Amino acid sequence: MLQINSGKLYPNGVRRTNELRGVLYSNLLLMRMEDNAIVTQAGRLLQADAANLPRPIVYEVSEQFDDEPRVGVLISHGVQPYLQDFAAVVSFVLRVTCTPDPDLCTRLLSDKRSLGVMTPPAKLVRKVFDKEIIFNENDDKLLNGFIDDLIGLKRKSFLAVMRAIRTYVTGLHRVADDLELAYTLMVASLESLAQDFDGHTAQWSDYEQGRRQRIDKALKDADEVTAGRVRDAILKGEHVALKRRFREFILAHLPDSYFLESGPVGAPGRLDLRDALKEAYDLRSKYVHRLQNLPQLLDTDLSYRETIRSGNATFLTLEGLARVARHVILEFVTQQPKCQTEDYDYRLERFGIMSAEMAPQYWIWQQTGFVKGACRKYFSAQLGQVAACMLTKQPVTDMREICAKIEEILPRLRGEDQRASAAIYILFNQFVQPDERSAQFAEVYERCSKILSDPSIEALCLHLLFSITPTWPIASQREVLDTYFETRNQKSGLRVPELFEAGMVLSLAERYRGGGDTLQAKALLDFAAVNILHVGPLAMLATDFDPEVAINWRVLLPQASSAGVPEDMPEAGVKASQAGSGPLPAVEVGNEVDQSN
């Protein structure tokens, strides 16, 4: 929010402002500054009470917008997002405790620690947790210079730096609670920058040696072009050489001045730091994957020593890791290109703004979005509307425009797009009176039926809704259903409403029961009971299963929606014996179509 509020992303400049004020709590003392205030591009700090801990500091900021006040325009974000971002920056740059939370500030400065942490935070990390830190002119230059550089970054770099700073500061706040988590967060703050900005291009030699050798052996008889394509495909799906990239990124962002600083105890040279960074990355991985503790010496008052030796390994202490992380982030901000203005759509990055998918009735009727790769999304949304119609009599959206486009593009579609389009066409036209259908309806309906004649999840959905038992072998029906549950959450998968998921499982269970395989039928009922949790009496159906009683999925529907199906529906395919046989029989809504669009 600090960069958005600077106005550099506003193409029309600043049009209105709000004056906001909030309170931060810190161990920072501003009494030596003029007017007891810190003035920066991102806001102003004023000392409120210098006598007590935690010290309240008033934060003032001029909130800026690039639009005029009118109905529907955001009036203000409130001061909270600016408080949080500014507190993180102040904490990071000045190595102080600064937070909008007075209780957190009190606890961090009190030497209290949780179970399992033996040493107070102030003994593990220099300065940050001291009871009093006096702000001076050098701090003023450092803070203002950093904020100017930070806001001057390109938006992508700014967002990455703010994530790293928040993670670093959060790691410091965890020193009193969980040393392993604190250490891991500080490593993660640097790793995030390394992965996004090291410019690394993966090479086959970066791949893990054991796996690389097995793949090379498997490809020994393949030609070079094929082998190269396989290796490239593997590399594109893998994050390789992460530990090495982590070390090289950090060492590239530590100037010689870092190693020549006077004061740090046990500071590592470049070679020792390279080895210590390897150990730091391993400690992070061991905690994330196995909750393994840090070496016990790292939870000891070492007089702010930056490294320790254990066996043949060099480890960074929390003090050493904190200094490394802070210098790397500072240097990264210095090295990154700056700009005065930037053409960037920031609207979804404002505080309190979230994006969510629109309900189908607002888009399912629009042709513009019905393109290659989106047909299954439309079919899923259509099924959702049909399920709501069957349960609560809600009308379905008028999709005649989509059906018109399907008539035009169906011959050019392939695979899942073609099947989904065919299913949409057949299903929607069950809601349309025969005299309102397209002149091409009979011809296209015939083509759609042929497309859906082979086993597929789209065809199985329509068989379910028309109460038709597929003529496919039962093993094919089972395979379609198993594949659906394996792939329904994949990017290209089709997600069916739970009502129809349950219906397809129960219909297959009935087919097994009718064929005498009661064990498979019962297993499917049990599967539905524990996997489809928000539909009807599935658990009761599994518990009360009687091999002599038919399983009817329509018991999941309200009584008014469980009517029979016309006898002219053939068992093969999903088409009616006469094109234009009326609305979907089991839904009982006639031609109730929402034409408000």
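Note that the structure is a prediction, hence the values are computed from the model and not measured. FYI, the numbering just counts along the sequence from 1.
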Is the shortest distance from a Lys or Arg side-chain nitrogen in R274 or E248 to a carboxylate oxygen in the other one below 4.0 Å? no

Between R107 and D177, does any NZ, NE, NH1 or NH2 come within less than 4.0 Å of an OD or OE carboxylate oxygen? yes

Quick check: does any side chain N or O of [X] sit under 3.5 Å from a backbone N or O of [Y], one acting as donor and the other as acceptor?
{"X": "S91", "Y": "C98", "result": "yes"}
{"X": "D85", "Y": "M1", "result": "yes"}
{"X": "R16", "Y": "D67", "result": "yes"}
{"X": "T167", "Y": "S189", "result": "no"}
{"X": "Q64", "Y": "N5", "result": "yes"}

Minimum heavy-atom separation for [X] and [Y], please, with both atom names.
{"X": "L142", "Y": "R326", "answer": "CD2-NH2, 3.6 Å"}
{"X": "E342", "Y": "L153", "answer": "OE1-O, 4.3 Å"}
{"X": "I133", "Y": "V128", "answer": "CD1-O, 4.4 Å"}
{"X": "E180", "Y": "Q292", "answer": "CG-O, 3.7 Å"}

Positive for salt bridge (Lys or Arg N to Asp or Glu O under 4.0 Å) with E191, one of R247, R284, R163, R245: R284

Is the count of non-hydrogen atoms from other residues, nucleotides or ligands lying under 6.0 Å from [X] atom [atom1] greater than 12?
{"X": "D343", "atom1": "CG", "value": "no"}
{"X": "E486", "atom1": "CD", "value": "no"}
{"X": "L291", "atom1": "CG", "value": "yes"}
{"X": "K156", "atom1": "NZ", "value": "no"}

Approximate separation, where rounding is to 0.5 Å, of E306 CD and D272 CG: 12.0 Å

[X]-[Y] aromatic ring centre distance below 6.0 Å:
{"X": "H327", "Y": "F259", "result": "no"}
{"X": "F65", "Y": "Y10", "result": "no"}
{"X": "Y168", "Y": "F92", "result": "yes"}
{"X": "Y59", "Y": "F86", "result": "yes"}

Parallel, tilted or perpendicular, as decided by the 30° and 60° cut-offs, for the rings of F527 and F485: perpendicular

May I have the list of side-chain donor-acceptor pairs in residues 332-339 shorter than 3.5 Å, sequence neighbours left out?
unit_1, atom_1, unit_2, atom_2, d
T334, OG1, L330, O, 3.0
Q335, OE1, H253, NE2, 3.4
Q335, NE2, E331, OE2, 3.1
Q336, OE1, S157, OG, 3.2
K338, NZ, V333, O, 2.8
K338, NZ, T334, O, 3.1
K338, NZ, Q336, O, 2.6

